[in-house]
Structure formats: C-alpha cells, structure tokens
**Q** 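Before I ask anything, let me first share the structure, which is written out below as structure tokens.
Both counts, for ligands and for their atoms, begin at 1 and track the order of listing.
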Amino acid sequence: MLANLWRRAAAGNRLVADSGLSSTAMTLQIEELNDTNCKTYLLTAGEEAALVDPVRERLETYRALLGRRGLKLRMVLETHLHADHLMFNRAAKDLLGATIVMHRESPSPLVDRHVDDGDLLTLGGERIEVLHTPGHTPDSVCYRVAGAVLTGDTLLVGGSGRTDFPGADAGQQYDAVHNRLFTLPDDTIVWPAHDYHGKRSTTIGEEKRTNPRYVGRSRAEYVTLMGSLGLPFPQKIQESLQVNQSGFESEEVHFPMVADIAAMPVVSPEQVAEEQQGALPPLLLDVREPEEFVGELGHVKGALHVPLDVLQRRLPKLAGYLGREVVVICRAGARSATAAAILRQAGFGHVRNLGGGMLEWNARRLPVEH
Ligand SMILES: [Fe+2]
C-alpha cells in the first residue's frame with residue numbers, strides 16, 4: 001500500500017505530492033480555485049495542467065492564472081454533468097482548447113474523451129485513475145491522483161451528493177462509496193466538489209469513521225434516508241442543467257421547466273424495437289448533433305434527425321406528425337427529455353422519451369445504422 005505522500009504547502013489550500021504512482025520525479029499539485037461552496041481544482045504536473053469541474057463564469061480568471069504561471073491546459077476533467085453551475089459550451093471549449101473528459105454516460109455532446117471505470121489518464125507523466133461511482137448521476141466519476149481522490153458529488157465532507165434527480169440512484173451510490181472509495185487507503189485525501197461545512201478536505205478513513213450518512217447504515221437504510229431528504233431544487237438548475245446537457249444556449253430555444261421534463265413518459269429500447277415492427281410504428285425523432293447521428297453509437301433505422309438546437313425552428317415542418325406516436329432519442333436520454341417536453345408544449349399529444357438513449361439501445365444490442 002502506498003504511503004500518503006501529500007503534504008500541506010504554505011499556500012494553505014494547495015497540496016503538494018511527490019507522486020508515488022509514477023516512476024518520474026514529477027511533482028503533482030492540487031489547488032482549489034473558487035473559494036466558494038462550489039469547488040474547482042487545478043491539477044498541475046510540471047508545465048501541464050488540468051481543471052476539475054471548472055465554472056464557466058470564471059473561465060477568464062482560470063485562463064489568466066494559467067497564463068501567469070506558464071501552464072498548458074491539457075484536460076478539463078468533469079466529475080459529472082452538473083445541475084448547479086454552467087459548465088463549458090462550444091465557445092468555452094474552443095477558448096480552453098483542452099480535451100474535455102467525462103464518463104461515457106455523460107449526456108453532453110461536447111465531450112472529447114469518454115472514460116470508464118479503471119481508465120488511466122496522464123498529466124505531465126503523472127497517472128490519474130478514473131473510478132466510476134454512479135448514484136448522484138449515472139455519469140459520476142472520481143479521479144484518483146497519487147494519494148488523493150477528487151470525489152465530485154459522490155462523497156462530500158460528512159455527506160454525500162443528493163440522489164433525487166432523474167437518473168440518480170441511492171443504492172448505486174451506496175455501493176460506489178463502499179466498493180470504490182472506502183476500499184482506498186485510509187489516509188487518502190478526499191477533495192469533494194462541494195463543501196457545505198467550511199471544511200475543505202477530509203480523508204477516506206475519517207469519512208468511514210464519521211460520515212453520518214454512512215456510519216451504521218445498511219444499503220436499504222441509506223436508500224430510505226436519501227429518499228426522505230426533501231431537498232429543494234438547486235438555485236441555478238433551470239439555467240444550468242439543460243444547457244450543460246445540450247452544450248448550447250440560444251435565443252431561439254426556450255428550455256422547458258425542469259419539472260415538466262421530469263414528467264415526460266419514458267419508453268424502453270425493447271418496447272420501441274417491438275413497436276417498430278407493428279402496423280403503425282412511432283415516429284423516431286433523433287435530436288443529437290450531426291456528428292453524433294453518424295458517430296460510434298449510430299442511429300435507429302428510419303429515425304428523423306432534427307438536432308435539439310433547431311427543433312423549435314423546425315416545429316412547423318413537423319406539424320404533420322402532431323397526432324402521431326413520437327419517440328425522441330438522444331445519447332443518454334437527457335436532451336431527448338427536453339425535446340419531448342418542447343414537443344408536448346407544441347401540441348404533440350403522444351410523445352415519449354427513449355430511456356437511456358442510444359447508449360442503452362446499443363447496450364441491448366439492437367440494430368443501428370451509421
Ligand atoms: Fe452535482
């Protein structure tokens with residue numbers, strides 16, 4: 001087992017480590033940037049840098065910092081699709097010029113590198129290990145660097161990320177925390193994406209001993225607890241969630257209310273495949289970006305392609321389908337839920353959302369075209 005080599009530097013919120021996971025003598029640093037409840041971290045190894053969970057409004061500040069220190073931004077590491085702040089959009093992505101990294105189940109079309117559990121990334125010769133820890137969201141990951149772990153909203157100081165949004169699963173979170181995080185060495189330093197108690201970091205050992213959400217609770221008890229929290233929606237969810245899921249903001253697209261989207265009916269891939277064989281198959285409407293439509297996940301045969309950012313403009317052309325059964329499709333089932341709610345508002349009476357999107361369609365090995 002690796003000894004924890006992190007030591008607190010004079011800068012207070014900066015930790016320095018001679019990485020025990022690398023054969024090089026490179027020093028890896030983690031620094032917290034925002035000084036708010038919502039955390040962004042800067043990882044540096046030599047001249048190379050990565051930003052973890054950057055907040056869009058602060059991009060110029062981050063860029064100035066990188067410039068002052070002569071750092072090259074290699075990666076943007078997102079721990080999950082956030083609902084409480086704006087992430088990158090196309091313009092921000094171009095400005096940063098770095099590889100956007102997210103779990104493969106991320107709904108965003110702007111991800112350059114999809115990762116999965118156990119994948120290794122490198123920064124200046126240092127290794128960063130991806131741990132898939134679904135629960136808060138299906139695409140939640142933690143990033144393990146030397147003797148520390150960036151836990152996103154999976155594990156917080158004395159807490160855990162909420163599990164009451166669509167796609168969240170308290171049982172999965174319990175399993176992820178116990179099987180992927182609490183199995184790390186006790187002295188592993190934990191850097192969470194949020195801090196509500198004025199305490200910046202913790203350790204795996206301390207959370208195992210004291211985290212009130214987990215200590216002495218069975219999986220079933222945890223699920224009951226998380227289902228009874230009754231938390232209000234985050235303040236910025238209406239401004240952030242659908243923008244982050246779709247990767248754009250536009251004057252022409254008016255995103256529906258989050259509560260309306262959550263109410264859209266979901267249909268399974270198998271059900272859609274069966275209905276396709278029937279006498280009156282549903283209209284399949286794929287709302288992904290053009291490169292995704294012909295990309296690795298392919299599309300369902302016969303699907304009509306109308307990207308989400310032009311859907312509202314094209315509604316008049318779709319008027320002939322108003323009375324028809326419609327199934328909306330995207331990558332992970334998030335953007336299609338937004339599109340389904342837009343169609344419903346426009347008077348489409350029979351709209352359903354393909355649950356899990358093309359990821360789930362492919363996982364069931366149903367046929368696709370490219
Ligand atoms: Fe979150």
Side-chain angles (χ1 to χ4, degrees), residues 32-41 51-58 76-89 92 100-108 110-111 115 130-143 149-177 180-181 190-197 199-202 207 211 213-214 222 225-227 229-247 255 258-259 261-262 332-335 337-338:
E32 184 196 313
L33 298 183
N34 295 347
D35 244 344
T36 60
N37 284 349
C38 196
K39 306 293 184 188
T40 295
Y41 297 98
L51 284 168
V52 182
D53 293 333
V55 174
R56 171 119 55 90
E57 302 92 87
R58 294 179 182 240
V76 169
L77 305 174
E78 296 288 350
T79 56
H80 62 291
L81 198 290
H82 298 277
D84 58 358
H85 67 262
L86 283 171
M87 299 163 68
F88 47 85
N89 56 7
I100 309 278
V101 179
M102 291 191 80
H103 186 261
R104 61 185 298 276
E105 288 183 43
S106 164
S108 169
L110 301 182
V111 177
V115 290
V130 178
L131 311 177
H132 185 210
T133 52
H136 175 61
T137 62
D139 67 347
S140 285
V141 293
C142 300
Y143 295 103
V149 62
L150 297 136
T151 54
D153 284 358
T154 297
L155 181 65
L156 307 176
V157 183
S160 58
R162 62 194 296 168
T163 54
D164 55 345
F165 296 159
D169 187 318
Q172 281 189 347
Q173 187 173 57
Y174 184 92
D175 294 338
V177 166
R180 304 300 278 123
L181 296 178
V190 172
W191 296 97
H194 288 284
D195 150 43
Y196 301 106
H197 303 110
K199 200 176 165 214
R200 287 188 155 126
S201 66
T202 177
E207 292 310 305
N211 190 310
R213 291 260 169 99
Y214 292 107
Y222 182 73
L225 169 75
M226 295 305 281
L229 294 179
L231 299 167
F233 273 165
Q235 278 179 354
K236 291 191 180 165
I237 190 168
Q238 188 59 40
E239 298 91 316
S240 307
L241 184 63
Q242 294 168 85
V243 173
N244 290 338
Q245 287 170 346
S246 63
F255 287 124
V258 169
I261 292 167
R335 280 174 282 165
T338 291

**Q** Examine the side chains of R180 and T133 and answer whether a donor and an acceptor come within less than 3.5 Å of each other.
**A**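 No, because no side-chain N or O of R180 sits under 3.5 Å from a partner of the opposite role on T133.
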**Q** Of L181, L150, T151, V141, which is the lone residue that meets side-chain contact (heavy atoms from CB on, under 4.5 Å) with L131?
**A** L181
**Q** How close do I100 and V111 get, heavy atom to heavy atom, and via which atoms?
**A**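 So the two residues come closest at O-CG1, 3.6 Å.
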**Q** Quick check for you: within a radius under 2.8 Å, how many protein N, O or S atoms neighbour the Fe ion (ligand 1)?
**A** 3
**Q** Among H80, H82, H103, H194, exactly one meets ring-ring contact (aromatic ring centres under 6.0 Å, His included) together with H136. Which residue is that?
**A**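 Among H80, H82, H103, H194, the one meeting ring-ring contact (aromatic ring centres under 6.0 Å, His included) with H136 is H80.
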**Q** I'd like to know if the side chain of D195 reaches the main chain of V157, judged simply by a donor and an acceptor atom lying under 3.5 Å from each other, with no hydrogens or angles considered.
**A**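 Not confirmed, D195 side chain does not pair with V157 backbone.
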**Q** Any ion pair linking K39 and D153 (charged N to carboxylate O, less than 4.0 Å)?
**A** no
